[in-house]
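First up is the structure itself, then whatever we jot down about it.
Every heavy atom of this structure was used, including side-chain atoms; hydrogens, water molecules and symmetry mates were not.
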Amino acid sequence: MIKRSLVAVTLFLLAVVCPAKQKRVPVILTAGQSNADGRVPLADLPGYLSYNYCLWSYGSGDFETATGEFSKFSPRVAKPKIERSWGFDAVVYYQLEQLWQQPFYVIKHTDGGTAIDPSCKSSTHGLYWSADTAFLNHTTSASHGGKSLLKAFTRQIDDCLANLPANYDIKVLIWHQGESDQQAADRYFENIKAVVAYVRQHLVEKTGKKKYRKLPVVCGTFAKDSRQGSPKVAEALFRLEREDKHFHVIDASDLSLLSDRLHFDAHGAETLGRRVFEKMRNEKIVSRSPSH
């Protein structure tokens, strides 16, 4: 009898000291310019795409949803007259819903026509993704009157993380950008490398978790017929992939475009979304269990 009591007490103490491991809550980061923002009319959204688990926070340059708050994902963009639009990431989130069948979070900051390099004067509203120290030291977040998209993105991340369950796990940064850096294509390798390093280091400092030094990044290239798809920018992406085993590039050269010869059409966006998801599965960035 005493023996049984001791066993019961031991099991109780183990349950208290070593509670069952909670499932991690997945978080997806998405950033870039218009093809990541989405330019496909909502009327062309594939009928099978619906959402029950995906919760998102969306920012776009100087536009920001309620600070740190999430809402059920429903594709839209912060551009007058084309608000009812979607991009390839909508397909990624649907695939993740099918995989996980549980709530997950998206922190998305995208703004069409924006460059990394400040020498590209056509960048929307003079906003830039630049991680250059001199640039960052002389401006503030785009969402608070400044010119830095990186500061706007990381500020949005910080606000959102404060409202997430303690067991959140940032899985990946999905990135699509580079069309607006044509004029500075020779510097794109160093620029995108610096952007990735900036986001990773910010996450390490914010969370105290060194694993984010190796945060996976998945990005696509451009359609071969794109009027702004620079071969030098695409090669810079592939060069970084060769150098950084946690940076993954998807060839999008064969994908179809809208009549503007810049933005993926419905079929192109759907295909790129599927390829991004497949890359994440193949590289074991995501698995059926969100705990891994």
Problem set entry | Heavy-atom donor-acceptor pair, Glu270 side chain to Gly268 backbone, under 3.5 Å | no
Exercise. Pick from Arg200, Lys193, Arg239: which one makes a salt bridge (Lys or Arg N to Asp or Glu O under 4.0 Å) with Asp244?
Worked result: Arg200
For this session: Compare every heavy atom of Cys54 with every heavy atom of Val106, then report the nearest pair and how far apart it is.
Result: CG2-SG, 3.7 Å
For this session: Determine the sole option in Trp129, Phe247, Phe153, Phe88 for which the ring pair (Phe, Tyr, Trp, His ring centres under 6.0 Å) test with Trp175 is passed.
Result: Trp129
Exercise. Between Asp254 and Lys224, what is the shortest heavy-atom contact and its length?
Worked result: CA-NZ, 4.5 Å
Problem set entry | Carboxylate-amine/guanidinium proximity below 4.0 Å for Glu283 and Lys245 | no
Problem set entry | Contact check, side chains of Lys232 and Asp186, non-hydrogen atoms, under 4.5 Å | yes
Exercise. Does any non-hydrogen side-chain atom of Gln102 lie less than 4.5 Å from one of Pro26?
Worked result: yes
Problem set entry | Short side-chain to backbone donor-acceptor contact, Lys151 and Leu136, under 3.5 Å | yes
Exercise. Rounded to the nearest 0.5 Å, how far does OG of Ser57 lie from CD1 of Ile107?
Worked result: 6.5 Å
Exercise. Could you give the distance from CG (Leu55) to CD (Glu69), rounded to the nearest 0.5 Å?
Worked result: 12.0 Å
Exercise. Going by heavy atoms in the side chains, are Arg39 and Asp260 under 4.5 Å from each other?
Worked result: no
Problem set entry | Residues that Phe104 engages under ring-ring contact (aromatic ring centres under 6.0 Å, His included), provided they are two or more places apart | Trp100
For this session: Considering only NZ, NE, NH1 and NH2 on the basic side and carboxylate oxygens on the acidic side, decide whether Asp132 and Arg187 come within less than 4.0 Å.
Result: no
For this session: Report yes if the side chains of Tyr212 and Lys206 come closer than 4.5 Å at any heavy-atom pair, otherwise no.
Result: no
Exercise. Do Leu255 and Val249 sit in the same hydrophobic cluster, where Ile, Leu, Val, Met, Phe, Trp and Tyr count as joined when their side-chain heavy atoms come under 4.5 Å apart?
Worked result: no
Exercise. Between Phe277 and Tyr94, does the ring centroid distance fall short of 6.0 Å?
Worked result: no
Exercise. Out of curiosity, Glu241 CD to Ile250 CD1, how far, rounded to the nearest 0.5 Å?
Worked result: 9.5 Å
Exercise. If you take all heavy atoms of Ala185 and Ser230, which pair is closest and at what distance?
Worked result: CB-OG, 3.7 Å
Problem set entry | Rounded distance [0.5 Å steps], CG in Leu29 versus NZ in Lys171 | 12.5 Å
For this session: Indicate whether any N or O donor in one side chain lies under 3.5 Å from an N or O acceptor in the other, for Gln177 and Tyr188.
Result: yes
Problem set entry | Audit row: Ser226, Leu262, side-chain contact (heavy atoms from CB on, under 4.5 Å) steps and yes/no | CA-CA 5 Å; Ser226 172; Leu262 178 59; 4.0 Å; yes
Problem set entry | Heavy-atom donor-acceptor pair, Lys147 side chain to His125 backbone, under 3.5 Å | yes
Problem set entry | Short side-chain to backbone donor-acceptor contact, His176 and Thr221, under 3.5 Å | yes
For this session: Return yes if some donor-acceptor pair links the side-chain N/O of Asp225 with the main-chain N/O of Arg261 below 3.5 Å, else return no.
Result: no
Exercise. Taking Gln33 for the side chain and Glu179 for the main chain, is one N or O donor matched with an acceptor at less than 3.5 Å?
Worked result: yes
For this session: Find out whether Tyr51 and Ser74 are in side-chain contact, i.e. whether some heavy atom of one side chain is under 4.5 Å from a heavy atom of the other.
Result: no
Exercise. For the residue pair Tyr58 and Phe73, is the inter-centroid distance of their aromatic rings smaller than 6.0 Å?
Worked result: no
Seminar exercise, completed: Closest non-hydrogen atoms of Lys108 and Asp89, given as atom of the first, atom of the second and distance, are NZ-OD2, 2.9 Å
For this session: Would you indicate whether the side-chain heavy atoms of Ser253 and Phe222 approach each other to under 4.5 Å?
Result: no
What side-chain donor-acceptor pairs closer than 3.5 Å can you find for residues 157-165, not counting sequence neighbours?
unit_1	atom_1	unit_2	atom_2	d
Asp158	OD1	His202	NE2	2.8
Asp158	OD2	His202	NE2	3.2
Asn163	ND2	Gly68	O	2.7

For this session: Following the transitive rule for hydrophobic clusters with a side-chain heavy-atom cut-off under 4.5 Å over Ile, Leu, Val, Met, Phe, Trp and Tyr, establish whether Leu203 and Val27 coincide in one cluster.
Result: yes
Problem set entry | side-chain contact (heavy atoms from CB on, under 4.5 Å) assessment of Val172 paired with His248 | CA-CA 11 Å; Val172 64; His248 309 283; over 6 Å; no
Exercise. Just by modelled atom types, is the Gly61 backbone N or O under 3.5 Å from a matching donor or acceptor in the His109 side chain?
Worked result: yes
Exercise. Looking only at atom types and distance, does a side-chain atom of Ser60 sit under 3.5 Å from a main-chain N or O of Ala78, one as donor and one as acceptor?
Worked result: no
Exercise. When hydrophobic residues are tied together by side-chain contacts of less than 4.5 Å, even through go-betweens, does Val218 share a cluster with Tyr105?
Worked result: no
For this session: Please check if Val195 and Ile174 belong to a single hydrophobic cluster, counting links between Ile, Leu, Val, Met, Phe, Trp and Tyr side chain heavy atoms closer than 4.5 Å.
Result: no
For this session: Could you check if a side-chain atom of Leu96 sits within less than 4.5 angstrom of a side-chain atom of Tyr53, using non-hydrogen atoms only?
Result: no
For this session: Could you check if a side-chain atom of Lys279 sits within less than 4.5 angstrom of a side-chain atom of Val276, using non-hydrogen atoms only?
Result: no
Seminar exercise, completed: Correct closest heavy-atom pair for Tyr198 and Ala131 would be CB-CB, 4.1 Å
For this session: Can you sort out the partners of Lys211 under salt bridge (charged side-chain N to carboxylate O under 4.0 Å, His left out), two or more places apart, ordered by chain and number?
Result: Asp169
For this session: Could you tell me whether a side-chain N or O of Tyr93 sits under 3.5 Å from a main-chain N or O of Ile28, the two making a donor and an acceptor?
Result: no
Problem set entry | Single-linkage hydrophobic cluster Leu258~Phe264, side-chain heavy atoms < 4.5 angstrom | no
For this session: List the steps, then state whether side-chain contact (heavy atoms from CB on, under 4.5 Å) holds for Val91 with Trp86.
Result: CA-CA 9 Å; Val91 179; Trp86 62 280; 4.1 Å; yes
Exercise. Side chain of Gln228, backbone of Ser180: donor and acceptor closer than 3.5 Å?
Worked result: no
Exercise. How far does OG1 of Thr114 sit from CG of Leu127, to the nearest 0.5 angstrom?
Worked result: 7.5 Å
For this session: Could you tell me which non-hydrogen atom of Ser34 sits nearest to which non-hydrogen atom of His263, and how far apart they are?
Result: OG-NE2, 2.8 Å
Exercise. Do other residues, nucleotides or ligands put more than 12 heavy atoms under 6.0 Å from the CZ atom of Arg84?
Worked result: no
For this session: Show the numbers, then the answer: is there a side-chain contact (heavy atoms from CB on, under 4.5 Å) between Arg281 and Gln95?
Result: CA-CA 11 Å; Arg281 288 297 308 270; Gln95 297 285 355; over 6 Å; no
Exercise. Quick one: CG on Asn191 to SG on Cys120, what's the gap to the nearest 0.5 Å?
Worked result: 8.5 Å
For this session: Step through the shown structure and confirm whether more than 12 heavy atoms of other residues, nucleotides or ligands are within 6.0 Å of NZ on Lys79.
Result: yes
Exercise. Any side-chain donor-acceptor pair under 3.5 Å between Asp181 and Tyr128?
Worked result: no
